[in-house]
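Shown next, in structure tokens, is the structure this report addresses.
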Amino acid sequence: MTSQPTVKTLLILGASGDLTGRLLLPGLARLVARGHAQGLTLVGAGSDDWTEDQWLERLETSFADANSQADSAGKRELKRIRETTAYRQLDVTAEGQLAKLIAGLEGPVAVYFALPPKISERACQALTPDDVPAGTRLVMEKPFGSSEESARELNRTLAALVPEDHIHRVDHFLGKATVLNILGLRFANTFLEPVWNREHIEKVEIIFDEDLALEGRARYYDGAGALRDMIQSHLLQIMALMAIEPPASVDERDLRDAVATLLRASSIKAPYARNTRRARYTAGTLGGRQVPDYAKEEGVDASRNTETLAEVQVDIDNWRWQGVPFILRSGKALGTKRKEAVVTFRPVPHLPRGFTGVDSPNQLRIGFGPDTLQFDVDVNGPGNVLSLDRATLQAELSASELLPYGEVLEGVLTGDPLLSVRGDTAEDCWRILEPVLKAWARDSVPLEEYPAGSDGPEGWPA
Ligand code: BG6
């Protein structure tokens, strides 16, 4: 995607917040520095009473990295953005305030709601169709709603304001180059498709184990937990790309139709005590530093039983995948950082007698940071020629120059919803998880514990 923006003004709501500083502005800066945001004006708005200088300071810091790598044209563009930007203080939920701001901006405007979900919802409810001129794009951060019903309600609110293809529900994993590489790997090669099914694949694991702990995000995270934070959005999207039927094109309609069809066939089945697991970290040492017990972290309400590690088995009830478990797992404060999708193939139907050594199934591993592709095969070992040994074919894949948020923003600015989650899919992801959320709320599944820095509770396979 390299076309120039159709959007004239990017309005970021929540401009003084953490997400804007840490992810949005650095992503935007890469785009700007590569000349992909020509003619764009940036406006920041927030509830904080910031001066223009405070906003400029934030831009300076968030743009620094991209600026240091930019050529002279890129540096000029970054400077232009800084010279033409403005900061406005407003209460987005107060009637008329956001509408008035939008009306004063050069359109088309993309309004990025980098705000807590409840506030975004109220801000959208405060808008009327007359407040959003034709061409306006609404960009919603995750989580999109907090249940199937609330996602549906939010979809209704948004649909009354702008057409579906002008709504961008952000899932920055769809902007990760290696996540998109799943499509190239699967659909631009012939060798995988004949074996990419229940006949040949035993299981698929999608793992996102982080060595980060709470990092001061209690206000958001304690109300979310690992299941909502990672599995409901990012990991289900990766699963969908791993499992969809080959689309006729990778334009937004074909690809998002395929994803929606796949997710409609997916569910997490009872018994939840067997098909799901949850755990919470206790005090421990992580990378040489002491991490406090999650339950005692500032801002955490221990009685909420928020999980920091979640694992679910998703079943996809269609011809291709019937009976193949898709295991999705993500957790915080784990000793080993592991971010990958692992496809485990079935064993050979008959290993010729006479072979010795380890006979392991083939595994294809797609790493999401570092971005790698690995294929584990059994070969004859170096010593005894009939002794099997493991070899790994490995490739380093290139990460995107733009950063995931840069990719996502490029879609917003050029009016391409390909990397956005479609409305029906956003609801369906909640539908898949809701029975688990209910079972966990009933305490049907024990909340296990693991020390920070460990590889999870005892007995969980690595
Ligand atoms: C975010 C989650 O959406 O994704 C975080 O809220 C998580 O909890 C993050 O750490 C992981 O994404 P990335 O791009 O930082 O690997």
Side-chain angles (χ1 to χ4, degrees), residues 172-212 230-231 234-244 246 250 287 309 311 313-314 316 320-321 324-331 334-349 351 355 357-383 387-401 403-404 407 455-456 460-462:
H172 78 281
F173 271 44
L174 295 177
K176 284 185 190 270
T178 313
V179 171
L180 293 177
N181 266 331
I182 295 170
L183 298 176
L185 174 70
R186 285 194 58 201
F187 303 130
N189 299 289
T190 50
F191 76 106
L192 276 178
E193 179 55 21
V195 295
W196 205 254
N197 54 48
R198 64 192 303 276
E199 299 297 323
H200 299 278
I201 290 179
E202 192 159 276
K203 64 174 172 181
V204 178
E205 293 156 289
I206 299 165
I207 311 285
F208 212 85
D209 286 348
E210 297 184 279
D211 55 0
L212 296 173
M230 295 296 294
I231 295 182
H234 307 321
L235 300 201
L236 280 176
Q237 292 295 326
I238 295 181
M239 183 194 87
L241 297 181
M242 296 288 289
I244 51 170
V250 284
L309 175 63
E311 184 179 282
Q313 175 183 318
V314 183
I316 303 174
R320 189 190 286 266
W321 295 117
V324 180
F326 281 72
I327 312 288
L328 276 45
R329 184 181 82 214
S330 184
L334 290 155
T336 313
K337 187 155 99 180
R338 196 176 152 210
K339 303 174 177 179
E340 59 177 1
V342 185
V343 178
T344 303
F345 290 87
R346 291 193 189 284
V348 291
L351 183 71
F355 273 123
V358 187
D359 160 32
S360 317
N362 292 134
Q363 284 189 317
L364 179 69
R365 299 168 176 274
I366 304 170
F368 304 116
D371 299 292
T372 52
L373 187 60
Q374 297 185 343
F375 191 43
D376 295 340
V377 291
D378 282 342
V379 291
N380 294 21
S387 162
L388 293 174
D389 207 7
R390 203 72 170 151
T392 298
L393 316 177
Q394 173 161 352
E396 305 284 332
L397 304 177
S398 50
S400 151
E401 288 179 349
L403 299 176
E407 293 284 354
D455 285 337
W460 286 42

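By the side-chain contact (heavy atoms from CB on, under 4.5 Å) test, Pro246 is found to be paired with Phe187, Glu193, Arg320, residues two or more places apart in sequence or in another chain being considered. Shown here are the salt bridge (charged side-chain N to carboxylate O under 4.0 Å, His left out) partners of Asp209, two or more places apart in sequence or in another chain: Arg329. Among residues two or more places apart in sequence or in another chain, the salt bridge (charged side-chain N to carboxylate O under 4.0 Å, His left out) test is passed with Lys337 by none. With sequence neighbours left out, the side-chain hydrogen bond (donor to acceptor under 3.5 Å, both in side chains) criterion links His172 to no other residue. Looking at residues two or more places apart in sequence or on another chain, you find a side-chain hydrogen bond (donor to acceptor under 3.5 Å, both in side chains) between Thr336 and Asp455. Evaluation of the side-chain hydrogen bond (donor to acceptor under 3.5 Å, both in side chains) rule for Gln363 yields Thr344, Arg365 as partners, not counting sequence neighbours. Partners of Ser360 according to the side-chain hydrogen bond (donor to acceptor under 3.5 Å, both in side chains) rule, which considers only residues two or more places apart in sequence or in another chain, do not exist here. Every residue two or more places apart in sequence or in another chain that forms a salt bridge (charged side-chain N to carboxylate O under 4.0 Å, His left out) with Arg390 is listed here: Asp378. When the side-chain contact (heavy atoms from CB on, under 4.5 Å) test is applied to Val377, the partners found at least two apart in sequence or on another chain are Asn362, Phe375, Val379, Ala391. Residues satisfying the side-chain contact (heavy atoms from CB on, under 4.5 Å) criterion with Ala243, sequence neighbours excluded, are Leu262, Ile316, Trp321, Phe326. Residues forming a side-chain contact (heavy atoms from CB on, under 4.5 Å) with Glu199 (at least two apart in sequence, or on another chain): Asn197.
Between Pro194 and His200 the shortest heavy-atom distance is O-CD2, 3.7 Å. Contact detail for Gly367 and Glu340: the closest heavy-atom pair is CA-CB, 4.0 Å. In terms of heavy-atom proximity, Ile201 sits nearest to Val324 at O-CG2, 3.7 Å. Contact record, Ala341 with Met242: CB-CE, 4.0 Å, taken as the closest heavy-atom pair. Of all heavy-atom pairs spanning Leu235 and Ile206, the tightest one is CD1-O, 3.7 Å.
Atom CG of Leu373 is separated from atom OG1 of Thr392 by 11.5 Å, given to the nearest 0.5 angstrom. Atom-to-atom distance recorded for Glu205:CD and Arg338:CZ is 6.0 Å, nearest 0.5 angstrom. To the nearest 0.5 Å, atoms CG (Leu334) and CG (Asp211) are separated by 8.5 Å. Rounded to the nearest 0.5 Å, atoms CG (Asp376) and CD (Gln394) are 9.5 Å apart.
Proximity of a side-chain donor or acceptor of Ser387 to a complementary backbone N or O of Gly357 within less than 3.5 Å is not detected.
Atom CD of Glu401 is surrounded by 12 or fewer heavy atoms from other residues, nucleotides or ligands within 6.0 Å. Within 6.0 Å of NZ on Lys203 lie no more than 12 heavy atoms contributed by other residues, nucleotides or ligands.
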Atom pairs and distances, side-chain donor-acceptor, residues 173-183, under 3.5 Å, sequence neighbours left out:
from	atom 1	to	atom 2	distance (Å)
Thr178	OG1	Asp371	OD1	2.2

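Between Arg186 and Trp196, some side-chain heavy-atom pair lies under the 4.5 Å cut-off. Counting only heavy atoms from C-beta outward, the side chains of Ile366 and Ile238 never approach each other to under 4.5 Å. Between Phe355 and Asn380, the closest side-chain pair of non-hydrogen atoms falls below 4.5 Å.
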Determine, stepwise, if the pair His234 / Phe208 fulfils side chain to side chain contact (heavy atoms under 4.5 Å, CB included).
CA-CA 10 Å; His234 307 321; Phe208 212 85; over 6 Å; no

